[in-house]
Amino acid sequence: MSAAKAVYPRQTFAPDPNLSTGEQVLQLVANPFQASIQYNAFWASLATSLGFSAALALLFCFVRPRNNIVYAPRLKNADKDHAPPPLGKGLFSWVKPVNKASESFLMEKIGMDAVIFLRLTRMLRNIFLVLGLVGIAIMIPVNVTLGSKGASSGSSAFTVMTPLFIWGRGLWAQVVLAWFIDIVVMYFLWHNYRRVHRLRRAYLESPEYQKSLHSRTILIRDIPTKARSNEGIAHITDEVNPTGITPKTRIERNVKVLPELIEEYEENVKELESVLAKYMKNPDRLPARRPTMKAPRKYKGQTVNGKVDAIEYLTDRIRALEMEINDVRERVDSRDALPYGFATWDQISQAHTVAFSARGKRPQGTKIRLAPRPNDLIWNNLKLSRASRRSKRFVNGIWIAVLTVIWTPINAGIAIFLSNLSNLGLVWPRFRDSLNAHPAGWAFVQGIASPAITSLVYLVLPIIFRRLQIRAGDVTKTDRERHVLRNLYAFFTFNNLIIFSIFSAVWQYVTIVIEYDRQGNDTWTSLRKGNFFLVITTALCQISPFWVTWLLQRNLGAAIDLVQLWHLTYVWFARTFMAPTPRQNIEWTAPPAFEYASYYNYFLFYSTVALCYSTLQPIVLVVTALYFSIDCFLKKYLLMYVFVTKTESGGQFWVTLFNRMVFAVMLSNVVIAVVVKARGTWALVAAIAPLLIIMIAFKWYCMKTFDLDLKYYARGGMQDQERLATDGKTHKAEKISSQFGHPALYKPLVTPMVHAKAKHLLGEIYRGRLDSEGGQSFAFSDIAMQPIAQNKPPQDVPFEIVPEAQQDFQFYKNRADFREEAGDMVSERSQTPISFMGKENYESRPNSRGASPPAPPHPPQEYRGVPHRKQFDQSHVPSQFRTEPRRKSTEEGDLGMRPHGPYTDPYDDRTNLLHGVGDVRTPTGEFMSLDRWRTPAASRNSTGVNTPADELNSGYDYFRGMR
């Protein structure tokens, strides 16, 4: 009992005058969780969490009907296939549509990834509702009844609810609860695995997946040099192709510096927009001096005190980059082939059968997998060799290890001082006096400060891990996000749970062993008398109130997400005190992307904490059940009406989530085994040990039963659904390069945006030569690029005029430079670039909610732009690169062929582009410009049949050359 008394928490707060400050700090490290104010801190945290959460939820109910831009952007911007149900104007009118939405309905509206997220949230809610009920009804009464006999009179309620004072047979309740936890979690995981299997099969059989090109395509990487050709890819696939069907193949070409040039171009455009927005914030009162910037190192022109005119420099740089990009695009066919390519079949089952056959094989050293969506690819990483990816992963692991080591002392400081302010008083006399004078106030601060500061620090970790993972060589964004989730969870569990929880115990155990060693005992006797398991158990029981208060504050975080507090605060501050550009205003009205990796990590971490402390502090199960019960409903609303999935993976997160939940249960078994060994015998541990084997066997069973069907649509033969879809017909000729070509080859260059209120100043502030010399030549290549217009000099840095009323994402969601923000709101069949589509009919075409958007007011005749009316003639394109004409499918409807919003109106003043001083004014002094984004209403081939413009006008010429 002497060792046990040595590690029991002290119930008094008084410094030892015989110890120096340094010795007191060492004493704190040995036992930091010893203050009695933690009981009051819990009630303070509970009151503030529930109080502020209720206040924010009520605020949301009042503000939501008047601000759909923030609280229902999906309702405003989604197409008719993905628009959620309309919402009423009542305070609680949002509750019924959210509660009524079924899983099959949500699959169509918000996508597979969002449905998987909501299913995980419901599963965790149900798990902890069951365990929380058992914790309240059984574990807390057992712990209080058996532990109150050995507890001292000054012990807090939190201490009595723990098994710290339970000995002998009373610990069998811990063993029974461990078995019950495993059985409950395994049941819910198995049940949801079956449901996810059904959802995944429904996703693979959905019309959108069946008609997509990536579903019939495989990606081949690490292609040897001698096989880097279309024919070489065909030979590689023949080695693992049991279907006998020859695919259409494509080897990728090296675009060299083109992606870097485009990235630099876009950065300069955005910087020019920012400079102009700040300079022309008040058009009637321009600053006396033109904006300047520090001259880059490579700049060879004249400078004044090392600075150059920002507008002139950025304009010249944009012009030079545009010409260089144009030149590289023209010569891209002379570049060497890259070690990756694609192969496409006519039927989904053929591609999936080949991918399944290639599983675990490396024909000619290549790696074959199903092709993801084109927007899911990280193109710069595809060209990396196996050795490069291996070295990048190794370096990435080193950086994660360094971050873990750096975070350890910070974590220790939070564990010692912030989680218990009385410890800070031991080394800070003035603070100790204030703590003694105002214990209730500081208890309130302790219940909020430590969890809040810890949570704020955690916000930056996903950003760091995501940037590290980008450099690790992942070839898809989905793989990157899954690895971010994996690394975040490992970091949180190791550093923020294990190290944070047992840091004091390990240090205390070392000090006890040293003390026994000084008494003349040998090392083994000192280690045995130190009673390692008892020290660990005591530390875990002492820190349990911190995790309870931390989980309570997660309810407040859920309410903050609902109110979009951070987004509103940032946008308000930027618009009030800064000069945002039109592009920024448009992006702020776009639905935000849902950060799956971060939210999954938080949910898994909360669950791991709750499972590990389930027997140590059973009330944590109730708090966790409360959190998931609230957030389950709130996240459903946010995914239906606010957030979008930028890159749909089709539910590929599930297996990663399943594995982490299995690990969390196994870790909780280890914690319970440590607790029962500290107070009991090895027989209790032996009763828990089989659970580890059972969980591993359960994981193996689910993997063998479900995983292959989750990944592959077919493993041999054509599926019934596909037979119905194809009806014996093959797909018409198509060009893989139109979708699986590097975006740098066809991505339209962005145009600088200027607010309409300042357009009359452009002629005054824009300086420099406007006309380029010479024309542009063109050459054909195998990159499916159309020729640059002849005898058309490039227009230098035009400006797109954007009225205040049209600085809204709904007018731009189909534009190539904004389409990525739309995420899953627009179906694959309707994601045709706006430059490829015809003129909009405002009166006849309904928007996503069934209402026709009003046509924008037509400006006076002298302000009207000059729309392009140039057709692209395919006769100049080599026959192997021409596209077959086809009629518009009735399933595509207007949505698949027309843009959304009124920005294609030829009289829309927003789309007028000013090209410079020489071009911007008519003889009468009025402004006029050309519209870079306008295209003919329809393109017809020689047969008179309508040909979709996305098959015709996908080249650089159509975006930048036609003037």
Side-chain angles (χ1 to χ4, degrees), residues 253-280 287 289-332 334-336 338 378-381 383-384 388 392 395 467 470-471 579 581 583-584 742-754 762 765-777 788 793-800 817 914-918 932 956 959-961:
R253 301 291 178 177
N254 193 350
V255 296
K256 296 293 184 180
V257 297
L258 193 53
E260 290 77 13
L261 290 175
I262 294 178
E263 182 179 1
E264 184 181 357
Y265 175 91
E266 292 177 349
E267 291 175 355
N268 279 272
V269 167
K270 293 179 181 179
E271 188 173 358
L272 176 61
E273 290 176 343
S274 179
V275 169
L276 292 174
K278 294 176 183 177
Y279 184 61
M280 299 186 295
R289 296 182 179 181
R290 287 170 61 89
T292 60
M293 60 183 294
K294 185 179 179 181
R297 294 181 179 180
K298 298 181 180 180
Y299 183 72
K300 304 299 182 182
Q302 296 182 351
T303 62
V304 178
N305 297 326
K307 294 185 177 182
V308 295
D309 186 285
I311 298 176
E312 289 186 359
Y313 170 78
L314 292 173
T315 301
D316 292 340
R317 184 59 184 158
I318 291 172
R319 181 194 303 116
L321 286 170
E322 181 174 353
M323 295 176 64
E324 189 173 359
I325 291 170
N326 181 30
D327 179 65
V328 174
R329 279 175 165 171
E330 290 177 352
R331 295 183 291 105
V332 73
S334 63
R335 308 293 182 181
D336 56 310
L338 291 175
I378 303 177
W379 294 91
N380 289 340
N381 288 344
K383 61 185 178 182
L384 296 176
S388 298
K392 285 179 174 290
V395 173
R467 291 185 177 180
I470 289 175
R471 301 179 180 181
T581 66
R583 189 180 304 277
Q584 289 175 324
H742 199 295
L745 296 173
Y746 54 82
K747 182 180 181 181
L749 301 182
V750 298
T751 302
M753 289 182 165
V754 178
L762 291 177
I765 67 174
Y766 185 82
R767 301 175 183 174
R769 180 172 57 81
L770 273 291
D771 298 326
S772 296
E773 299 177 358
Q776 294 184 26
S777 60
I788 306 299
Q795 303 292 338
D796 294 322
V797 194
F799 296 96
E800 184 174 358
D817 47 342
L914 296 180
H915 294 285
V917 176
R932 171 175 296 174
Y956 178 73
F959 294 102
R960 306 296 290 182

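Residue numbers count from 1 along this sequence.
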With side-chain contact (heavy atoms from CB on, under 4.5 Å) as the criterion, how do Met280 and Val754 come out once you've worked through the C-alpha distance, each side chain's angles and the decisive distance to 0.1 Å? CA-CA 9 Å; Met280 299 186 295; Val754 178; 3.7 Å; yes
Do [X] and [Y] have side chains that approach each other closer than 4.5 Å (heavy atoms only, starting at C-beta)?
X      : Y      : value
Thr292 : Val308 : no
Val750 : Tyr265 : yes
Leu338 : Arg253 : no
Pro752 : Leu276 : no
Leu314 : Met293 : yes

Listed partners of Asp327 passing side-chain hydrogen bond (donor to acceptor under 3.5 Å, both in side chains), at least two apart: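 Once residues adjacent in sequence are excluded, the partners of Asp327 under the side-chain hydrogen bond (donor to acceptor under 3.5 Å, both in side chains) criterion are Arg331.
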Enumerate, atom names and distances included, each donor-acceptor pair closer than 3.5 Å involving a side-chain atom of residues 266-275, sequence neighbours excluded.
{"residue": "Glu266", "atom": "OE2", "partner": "Lys747", "partner atom": "NZ", "Å": "2.9"}
{"residue": "Asn268", "atom": "ND2", "partner": "Glu264", "partner atom": "O", "Å": "2.7"}
{"residue": "Glu273", "atom": "OE1", "partner": "Arg583", "partner atom": "NE", "Å": "3.1"}
{"residue": "Glu273", "atom": "OE2", "partner": "Arg583", "partner atom": "NE", "Å": "3.1"}
{"residue": "Glu273", "atom": "OE2", "partner": "Arg583", "partner atom": "NH2", "Å": "2.8"}
{"residue": "Glu273", "atom": "OE2", "partner": "Met753", "partner atom": "N", "Å": "2.7"}

What's the shortest heavy-atom distance between [X] and [Y], and which atoms?
X      : Y      : value
Ile311 : Asp309 : N-OD1, 3.1 Å
Ala295 : Thr303 : CB-CG2, 3.8 Å
Glu800 : Thr751 : N-CG2, 3.9 Å
Pro291 : Tyr279 : CD-CD1, 3.4 Å

Fit a plane to each ring of Trp379 and His742, take the angle between them on a 0 to 90° scale, and name the class: parallel (under 30°), tilted (30 to 60°) or perpendicular (over 60°).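 The rings of Trp379 and His742 sit tilted, inter-plane angle from 30° to 60°.
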Run Val255 and Val328 through side-chain contact (heavy atoms from CB on, under 4.5 Å) and show every step you take. CA-CA 8 Å; Val255 296; Val328 174; over 6 Å; no
Should Asp336 and Lys256 be marked as a side-chain contact (heavy atoms from CB on, under 4.5 Å) after you check the CA-CA gap, both sets of side-chain angles, and the distance that decides it? CA-CA 9 Å; Asp336 56 310; Lys256 296 293 184 180; 3.9 Å; yes
CD on Glu263 to CG on Asn380, rounded to 0.5 Å: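 It is 8.5 Å, given to the nearest 0.5 Å.
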If we ignore hydrogens and angles and just use 3.5 Å, is the side chain of Asn305 paired with the main-chain N or O of Lys307 as donor and acceptor?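 A pair under 3.5 Å: no.
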